[in-house]
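I have placed the structure first, in the form of structure tokens, so that the comments after it can refer back to it.
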Amino acid sequence: MPGIGVFDSGVGGLTVLAALRRRLPTARLLYAADSAYAPYGERDAAYVLRRSRVLTRFLLAQGARVIVVACNTATALAIAELRREWPEIPFVGIEPAIKPALAARAAGDGPVGVLATPATLGSDRFRTLLRQHAGDSAVLLQPCPGLAEAIETRGPHAPGTLDLLRACCAPLKAAGCTRVVLGCTHYPLLSDAIRDLFDHAPLQLLDPADAVAAQAARVAQGLPLPADAGALCAWTNGDATRLQRVAEACGLRLDCVLPLPEPAAAAA
Ligand code: DGL
């Protein structure tokens, strides 16, 4: 049955999937988590594109009519090529919420902090976004190598994950940032921990998940997608229990979690 396909390098995209579920309670949603190949954020464009193709092909074979790239890194490095390769399929991507963060900035505010993967921050697409919206505004870019991987392998609340997060947030805290852009879909899983690290000082965390969900819902409206009582199936090549746990923490109820199959060598 037709549905909306969503993918990420792992559990991070569940933060986007949850926003999509709130917008479309009855749509059939399909989620692919590429945890065995995560993190994407410290890989090159060819790797991320290769994996994005595999996941797109898989979701289309499951009946996806729209693909939501619920990964900033894959959006930055691969979505343009995916659109070229599947011109008949609408792709909805996600990118760091620089524009709303700067729009909300008032005189005297500290710089806008951006937490993202090294690959996202180093991409041409991100540089263009920054050029278009940041101008001379103060933006503090903080690459977070290892953080998405720690969330994947240790979990969002593990001491090692929180140590890494502390190190990534320290420069932002020292610079007096009051707005922090969560530029990786894994990082909203750490929102409470980030607030704790900023000692609950006035802090706005910017996560574009709902804007992405709204865009995906608009796109889906134009397609023949039958209501399906809200079926939600996930596939992972990583730890299914961790995926379930993160999904529950995001308020999602998964109808099934299945192994994400390896494609035949010729299709990979
Ligand atoms: N969740 C992804 C993102 O939004 C990728 C994290 C990773 O695999 O490094 O960038």
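Atoms within a ligand are numbered from 1 in the order they appear, just like the ligands themselves.
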Non-neighbouring partners of Ser35 that pass side-chain hydrogen bond (donor to acceptor under 3.5 Å, both in side chains), sequence neighbours left out: Glu152
CG on Leu140 to CG on Leu172, rounded to 0.5 Å: 5.0 Å
Checking Arg50, Arg53, Arg51 against Asp34 for salt bridge (Lys or Arg N to Asp or Glu O under 4.0 Å), the one that qualifies is Arg51
Is the SG-SG separation for the cysteine pair Cys233 and Cys256 below 2.5 Å? yes
pair Asn72-Thr117: side-chain heavy atoms closer than 4.5 Å: no
For ligand 1, would you mind listing the residues that have at least one heavy atom less than 4.0 Å away, ordered by chain and number? Asp8, Ser9, Pro39, Tyr40, Gly41, Cys71, Asn72, Thr73, Thr117, Ala148, Cys184, Thr185, His186
Student check: side-chain heavy atoms of Val11 and His186 closer than 4.5 Å: yes
